[in-house]
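Heads up, the thing below is written out as structure tokens.
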2 protein chains.
Amino acid sequence: MQDARDPRTESPPNRSKPRSRRLPREVRERQILDAAVRVFAHHGYHEAAMDEISEVAEISKPMIYAYLGSKEELFVACIRREANRLIESISGAVEADLPPDEQLWRGLRAFFEYAQQNRASWTVLHRQASTQGPHFAAELSAWRRRALDLVTGLLARAEGSGTEEERSTRHERMRPFAAALVGAGESMVDWWIDHPEHTADALSMRLMNLVWMGFGDMVQGRRWKPD
Amino acid sequence: MQDARDPRTESPPNRSKPRSRRLPREVRERQILDAAVRVFAHHGYHEAAMDEISEVAEISKPMIYAYLGSKEELFVACIRREANRLIESISGAVEADLPPDEQLWRGLRAFFEYAQQNRASWTVLHRQASTQGPHFAAELSAWRRRALDLVTGLLARAEGSGTEEERSTRHERMRPFAAALVGAGESMVDWWIDHPEHTADALSMRLMNLVWMGFGDMVQGRRWKPD
DNA sequence: GAGTAGTCTTACTCACGAGTAGGTAATGGA
DNA sequence: TCCATTACCTACTCGTGAGTAAGACTACTC
């Protein structure tokens, strides 16, 4: 069973390069993490062999243990790095002085774009991470919580201002909706993988319509549009 | 965990070997599947040891191999059985002659209730199944497709009728929305596990409001309510 | 050039767990 | 009563893959 997207043979087809020697730790750690993300994304945590990661990273296995620790710690390091990248992408796209629907729209679009341009990263965060052995549970719920807080904040602002206390209870009330929205996005990305003819823009628009207008409006032909 | 034996098979009270019960294959298969669902839900596919499943099922390991085949086949059998149960629960709750919003509402509620009353089953379907080794990919996408078709049908009917062709293109257009809705539900159930103070009814209502009314209506105080 | 700190490797060990060999014992029909 | 069948077991094998021992090579400083 040949696999076209085997991470070992995926990107640079370098046959001539005589395996760069003696690079500083910083560089190696990055190489290892890059390789690990790709391999974890491709096989999942348990099927991913440290031997394969070391092969992809072009470094021997003991170096991984020396720099990043056990397989578990390596996986956690991947989660942490990729979660940071994703969350920064989204929160960077949301400008605080825009109207709430516009903010939401930008956030959604940034999310879909990230998922498109960083497939492996997204796969690790979404699919593999949720395999929750009791181990990475902490790391996992941490990143999930950050994502949820980000979205909850977006939604809470949509309902306008008020006293400190009102804002805080509203924030709480928004949590289940935020969970729903996050899940809707995740699930749409999954669907997207099988229907790559759609653009990030189109999908964000659909999701925006769903959560902002709702089916009740949509069946009557009312649509949400940006700007 | 005490072993509650059938009183009829226990006639002489001083039998020294209560374990050898010699039950028919059908019964054992059910016991094995029940145990497997629990263990898979608890540990995930890879961490789940056949030895533990055999222990929980109160039968020896070779019997599992004799009846259900390999670990992979056992897992597939679990997925298949539990997916059927869930899909029947939902489609049983949706009566075709109700108005579309009411149908959607009943479907959502049935889903949340199933997730609440069959935690292990849901966990296997949702969390563990998505670990997509290339193996159960077929089984997985099959059940996911059935769920998606069910929801897509629900949504497509909400937009009323038309010519055969209109219905079919609309059905296609609804797919990404269905994916979003399914994901929203899944994600809300995850959130629910950490916030068990909410009821299935309350959560279905929230999700119904989100997808039917949308935030645009909700921030203006408009709400959806069941008939 | 000697010492030292950091990079990097080959070639192992060893636990774990899927799957099996090879049997015993109960049941039901002839 | 004998035989076939089916239920059921204990006690193994054996591949795989995480993690390591033990040292080699290189590039600094002093």
Side-chain angles (χ1 to χ4, degrees), chain A residues 7-8 17-33 35-36 39-40 42-78 128 131 133-136, chain B residues 3 5-6 8-12 15-33 35-36 39-40 42-78 128 131 133-136:
Chain A
R8 281 168 301 186
K17 202 174 72 181
R19 193 173 210 174
S20 47
R21 321 220 72 191
R22 276 190 106 66
L23 296 175
R25 174 172 187 153
E26 223 176 276
V27 177
R28 286 300 192 198
E29 285 189 353
R30 249 202 26 240
Q31 285 181 355
I32 294 170
L33 284 175
V39 176
F40 282 137
H42 193 243
H43 292 106
Y45 177 75
H46 290 282
E47 308 291 15
M50 294 299 269
D51 284 296
E52 183 176 356
I53 295 174
S54 80
E55 221 173 287
V56 173
E58 298 188 305
I59 199 170
S60 69
K61 206 165 42 146
M63 293 307 293
I64 303 182
Y65 285 91
Y67 286 167
L68 276 310
S70 68
K71 184 182 185 184
E72 229 170 73
E73 290 170 297
L74 175 61
F75 187 66
V76 166
C78 289
Q128 313 309 344
T131 324
H135 317 101
F136 351 90
Chain B
D3 179 7
R5 270 166 293 144
D6 187 342
R8 283 169 304 180
T9 62
E10 224 182 314
S11 24
R15 277 178 82 91
S16 53
K17 248 195 153 190
R19 172 74 180 267
S20 47
R21 275 188 291 172
R22 271 188 108 66
L23 297 175
R25 174 172 186 151
E26 224 176 273
V27 177
R28 288 299 192 196
E29 284 189 355
R30 249 201 28 238
Q31 284 181 356
I32 293 170
L33 283 175
V39 175
F40 282 137
H42 194 242
H43 293 104
Y45 177 74
H46 290 281
E47 308 291 16
M50 294 298 270
D51 285 295
E52 182 175 354
I53 295 174
S54 79
E55 221 172 284
V56 173
E58 298 188 306
I59 197 170
S60 71
K61 206 163 45 143
M63 292 308 293
I64 303 182
Y65 285 91
Y67 286 166
L68 277 308
S70 68
K71 185 182 184 182
E72 228 170 72
E73 291 170 296
L74 176 60
F75 188 66
V76 166
C78 289
Q128 313 310 343
T131 324
H135 317 101
F136 351 90

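For the pair A:His43 and A:Val39, the minimum side-chain heavy-atom distance is below 4.5 Å. Side-chain contact between B:His46 and A:Tyr45 is absent, with no heavy-atom pair separated by less than 4.5 Å. By the 4.5 Å heavy-atom criterion applied to side chains, B:Met63 and B:Leu68 are not counted as neighbours.
We find that CD of A:Glu52 is positioned 10 Å from P of D:dG17, with the value rounded to whole Å. For the pair A:Ile59 CD1 and C:dG6 C1', the interatomic distance rounds to 12 Å; values are reported in whole Å. Rounded to an integer number of Å, the gap from A:Lys71 NZ to D:dG17 P is 9 Å. Atom P of nucleotide C:dG22 and atom OH of B:Tyr65 are separated by 18 Å, given to the nearest angstrom. Atom CZ in B:Arg25 sits roughly 17 Å away from atom C1' in C:dT27 (whole-Å rounding). Separating the CG atom of A:Leu23 from the P atom of D:dT26 is a distance of 14 Å, rounded to the nearest angstrom. Look at CE on A:Met63: it is 18 Å from C1' on D:dA18, rounded to the nearest Å. Atom CG of B:Leu74 and atom C1' of C:dG17 are 15 Å apart (whole Å).
If one axis is set at each end of the helix from C:dG1-D:dC30 to C:dA30-D:dT1 from five pairs, those axes are 10° apart, to 10°.
Residue-level contact check: B:Met50 touches the backbone only, with heavy atoms under 4.0 Å from sugar-phosphate atoms and none from bases.
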What protein N or O atoms touch nucleotides 10-15 of chain D N or O atoms at under 3.5 angstrom, if any, and at what distances?
none

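Residue B:Arg22 places no side-chain atom within donor-acceptor reach of the base of C:dT27, judged by atom type and a 3.5 Å distance cut-off alone.
For D:dT6, neither phosphate oxygen OP1 nor OP2 lies less than 4.0 angstrom from any side-chain nitrogen or oxygen of B:Tyr67. For C:dC8, the OP1/OP2 oxygens have a side-chain nitrogen or oxygen of A:Arg28 closer than 4.0 Å.
When each of B:Glu26 and A:Glu72 is assigned the nucleotide of DNA chain D with its nearest heavy atom, B:Glu26 is the one assigned upstream, toward the 5' end.
Looking at every heavy atom in both residues, A:Arg22 comes nearest to A:Arg28 through N-NH2, 4.1 Å. Minimum interatomic distance between B:Ala35 and B:Ile53 (heavy atoms only, all atoms of both residues): CB-O, 3.8 Å.
The backbone N or O of A:Ser70 sits less than 3.5 Å from a side-chain atom of A:Glu73, completing a donor-acceptor pair.
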Worked check of salt bridge (Lys or Arg N to Asp or Glu O under 4.0 Å) between A:Arg25 and A:Glu29: CA-CA 6 Å; A:Arg25 174 172 187 153; A:Glu29 285 189 353; 2.9 Å; yes
From CA spacing to verdict: side-chain contact (heavy atoms from CB on, under 4.5 Å), A:Ile59, A:Leu23: CA-CA 10 Å; A:Ile59 199 170; A:Leu23 296 175; over 6 Å; no
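A cation-pi contact, defined as under 6.0 Å to the ring centre and within 45° of the axis, is absent between B:Lys71 and B:Phe40.
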